[in-house]
2 protein chains.
Amino acid sequence: MTFVVGVVGGGQLARMMVPPAVELGIEIRVLAETEGMSASLAATAVGDYTDLETVRAFARGVDVLTFDHEHVPQSVLRALVDDGVQVHPGPDALQYAQDKLRMRERLGELGIPMPDWARVENAEQLDAFIAEHGGQAVVKTARGGYDGKGVRVVSAAAQVEEWFLALDEDGRGGALLAEELVDFRRELSQLVARRPSGDITLWPVVESIQRDGVCAEVIAPAPGSAGKVAEMAAQIGTTIAAELGVTGVLAVELFETTDERILVNELAMRPHNTGHWTIDGSTTSQFEQHLRAVLDLPFGATGYRDPWSVMVNILGGPTEKTLDEATTLAMADQPAAKIHLYGKAPRPGRKIGHVTASGEELDEVAFQARAAAAFFQD
Amino acid sequence: MTFVVGVVGGGQLARMMVPPAVELGIEIRVLAETEGMSASLAATAVGDYTDLETVRAFARGVDVLTFDHEHVPQSVLRALVDDGVQVHPGPDALQYAQDKLRMRERLGELGIPMPDWARVENAEQLDAFIAEHGGQAVVKTARGGYDGKGVRVVSAAAQVEEWFLALDEDGRGGALLAEELVDFRRELSQLVARRPSGDITLWPVVESIQRDGVCAEVIAPAPGSAGKVAEMAAQIGTTIAAELGVTGVLAVELFETTDERILVNELAMRPHNTGHWTIDGSTTSQFEQHLRAVLDLPFGATGYRDPWSVMVNILGGPTEKTLDEATTLAMADQPAAKIHLYGKAPRPGRKIGHVTASGEELDEVAFQARAAAAFFQD
């Protein structure tokens with residue numbers, strides 16, 4: 001094709017858009033934060049994505065602008081839209097991914113099931129919320145959190161004292177988000193893609209297993225989800241994508257509660273870690289679908305190719321093996337595992353890649369993916 | 001991984017090595033013939049691959065040098081090996097892909113089943129061969145042929161008069177290759193990969209359907225090939241890879257004769273059009289396996305992911321649709337078809353991409369792939 005897609009941000013999500021862009025004949029250009037990032041192969045510019053002129057220059061000559069992350073400021077996004085740049089997802093949608101308070105307010109208006117929540121502007125309000133919710137709460141900064149950062153489980157407002165102080169210093173009348181600590185059976189994720197023209201497509205709902213606040217493993221589809229759980233998750237994903245006007249891929253992180261409700265935990269308006277399994281496990285990957293979506297092209301099929309896929313993240317570990325040694329051992333041990341590396345230097349706890357295995361038997365597939373990933377850790 | 005692979009040649013085979021290189025964290029660099037070629041995303045140099053100094057400069061800093069094609073001169077290859085560059089496949093193996101007479105001689109020594117053939121230095125010898133083989137022969141130039149070029153079916157030596165004249169002018173004592181016109185039921189292809197350390201892996205044998213001397217369609221696996229046909233093809237592929245010392249992917253094009261023999265038609269020492277189905281249809285694609293092979297890394301699994309995959313080449317056609325229009329129509333009509341475009345401008349008869357469909361039912365899969373490809377043609 002003759003299309004040019006510009007991606008703001010040079011991380012692994014931009015990197016993983018490169019293979020489907022190459023396959024579909026789409027030219028991909030990346031605005032990277034620094035040299036040598038994950039997506040450096042496609043980086044045509046290096047610069048600050050909060051600087052309008054930098055992003056404006058990068059956007060010249062692209063058919064559509066999309067993102068590796070949700071951090072481009074609203075002011076930059078809106079100026080680009082005013083310039084006539086096709087921005088997907090657009091600022092009206094992205095505001096809900098950028099601000100968790102705004103997201104909760106909007107989902108509340110839509111009647112989407114969520115944990116109990118409150119906007120808390122000071123310690124008194126938070127302590128009151130904690131008292132009303134069994135002595136505990138999850139507190140989140142409205143902006144800038146990811147992978148467990150900006151999220152804290154507390155039993156007293158004093159445990160997030162510095163966050164309130166930062167709000168006071170900021171002086172913009174901000175607040176924290178307090179949420180009930182949900183008694184959940186497991187976490188799910190519903191991946192959706194939506195085109196500007198309105199078409200929506202969904203992958204099967206998956207189970208995500210977190211460790212230390214970071215996604216560790218994904219099982220696709222979520223075991224035992226066929227029927228009611230899948231229907232509720234699909235309904236929620238479809239409603240949010242449509243009502244918030246999301247374009248591109250949307251990940252809706254969900255709690256499945258012990259009393260069989262499905263509650264929205266977080267939103268991400270971009271390809272998401274819980275969708276990496278689609279590269280090998282679905283007919284159309286989330287990265288290919290994201291490119292199709294932002295270019296308003298017809299969607300690819302989203303069925304799973306095997307009954308089960310399991311994705312395990314590769315985290316930098318305390319291992320003394322080099323990355324090459326670990327990879328070679330993983331390849332030799334698990335020839336059917338699909339190993340993905342992000343071109344990042346290993347550091348303990350840093351996501352540097354993932355492994356997906358697919359097949360008929362969940363136990364076998366999970367073993368393959370875990371065994372391959374373990375070589376990078378131990 | 002920290003490996004750097006250099007690919008000489010910027011065509012679609014180099015392009016299709018980019019996605020698995022990105023996935024495995026391998027840095028890929030391409031020496032392209034000109035600007036704007038299929039693999040331009042990874043092109044770090046543009047130059048003449050027949051010029052030793054150009055290739056030598058490109059090879060600096062790569063861990064291994066491999067190829068998009070088999071046309072790098074032996075003198076260049078041998079000088080690089082003398083420099084200490086890891087070259088895979090190496091010149092000793094590549095000579096048999098570069099010279100069809102040498103290939104026939106060597107396969108004859110190995111007892112590999114082939115069509116009757118002869119080295120013919122002049123019209124008299126060729127006419128004698130034709131007379132001995134029912135009044136017809138396939139004549140091939142020893143070097144430089146591909147996609148039906150340098151191949152002619154004749155009933156008299158006069159029909160290749162200019163080829164003999166060119167040999168005389170060349171003055172290096174060359175000859176043409178004459179082969180019996182095989183009465184074949186169908187054409188097959190056995191794809192093999194071999195590592196420098198000796199490991200060999202094979203994909204299932206496939207059927208390839210040619211139109212006008214060009215591969216039009218591939219069915220994987222070859223229908224009805226389980227058992228004897230698959231065994232013979234695997235045996236031939238394994239023997240050739242091992243005995244010729246091939247490193248990387250080897251494609252052995254075969255005839256299945258009406259009297260149930262398997263005869264070697266051609267060899268290619270690189271990823272091959274008859275292996276494109278592996279990108280979507282096998283656990284490990286020929287392009288990923290080629291990278292693993294030339295880096296002497298453990299092989300990935302080569303089973304098929306679905307009972308059937310069908311690959312149909314996209315040729316530039318007389319269509320009045322633009323490439324973008326044709327792609328959009330194909331996407332809308334066949335959401336399960338995997339569309340691959342090579343970044344090449346469409347010209348009638350030019351290979352500009354391919355489509356693969358995979359699934360349970362051969363008829364359905366073949367329909368999907370053909371239907372999607374047809375939008376680019378008509």
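Lettering of chains follows the sequences in order, A, B, ..., and the numbering in each one begins at 1.
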Pick whichever of Gly353(B), Ala39(B), Ala332(B) has the most heavy-atom pairs under 4.5 Å with chain A.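 So the answer, after comparing Gly353(B), Ala39(B), Ala332(B), is Ala332(B).
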Does the pair Met1(B) and Leu341(A) meet the rule for a side chain to side chain contact (heavy atoms under 4.5 Å, CB included), with working shown? CA-CA 7 Å; Met1(B) 312 195 86; Leu341(A) 296 170; 3.8 Å; yes
Taking Ile339(A), Leu323(A), Ile26(A) one by one, which has the highest count of heavy-atom pairs under 4.5 Å against chain B?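 Most pairs with chain B among the choices: Ile339(A).
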Check whether Val22(A) gets within reach of chain B through its side chain, its backbone, both or neither, counting any heavy atom under 4.5 Å.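 For Val22(A), heavy atoms of backbone and side chain both lie under 4.5 Å from chain B.
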Among the options Gly300(B), Pro19(B), Ala336(B), Ala326(B), pick out the one with the most heavy-atom pairs lying under 4.5 Å from chain A.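 Highest number of heavy-atom pairs under 4.5 Å: Pro19(B).
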For Ile279(B), is it the side chain, the backbone, both or neither that has a heavy atom under 4.5 Å from a heavy atom of chain A?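 Side chain only.
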Do the non-hydrogen side-chain atoms of Leu24(B) and Met331(A) ever get within less than 4.5 Å of each other?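 They are in side-chain contact.
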Taking only distance into account, so ignoring hydrogens and angles, what donor-acceptor contacts under 3.5 Å exist between chain B and chain A?
residue	atom	partner	partner atom	Å
Thr2(B)	N	Asp324(A)	OD1	2.8
Thr2(B)	OG1	Asp324(A)	OD2	2.4
Arg15(B)	NE	Val22(A)	O	3.3
Arg15(B)	NH2	Val22(A)	O	2.9
Val22(B)	O	Arg15(A)	NE	3.3
Val22(B)	O	Arg15(A)	NH2	2.9
Glu23(B)	O	Leu341(A)	N	2.7
Asp280(B)	O	Arg305(A)	NH1	2.5
Asp280(B)	O	Arg305(A)	NH2	3.0
Thr283(B)	O	Lys338(A)	NZ	2.7
Glu288(B)	OE1	Lys338(A)	NZ	2.8
Ala301(B)	N	Pro335(A)	O	2.9
Arg305(B)	NH1	Asp280(A)	O	2.5
Arg305(B)	NH2	Asp280(A)	O	3.0
Arg305(B)	NH2	Asp306(A)	OD2	2.5
Asp306(B)	OD2	Arg305(A)	NH2	2.5
Asp324(B)	OD1	Thr2(A)	N	2.9
Asp324(B)	OD2	Thr2(A)	OG1	2.4
Pro335(B)	O	Ala301(A)	N	2.9
Lys338(B)	NZ	Thr283(A)	O	2.7
Lys338(B)	NZ	Glu288(A)	OE1	2.7
Leu341(B)	N	Glu23(A)	O	2.7

Options Pro335(A), Ala330(A), Gly25(A), ranked by heavy-atom pairs under 4.5 Å with chain B, top entry: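 With the most close heavy-atom pairs to chain B, the winner is Pro335(A).
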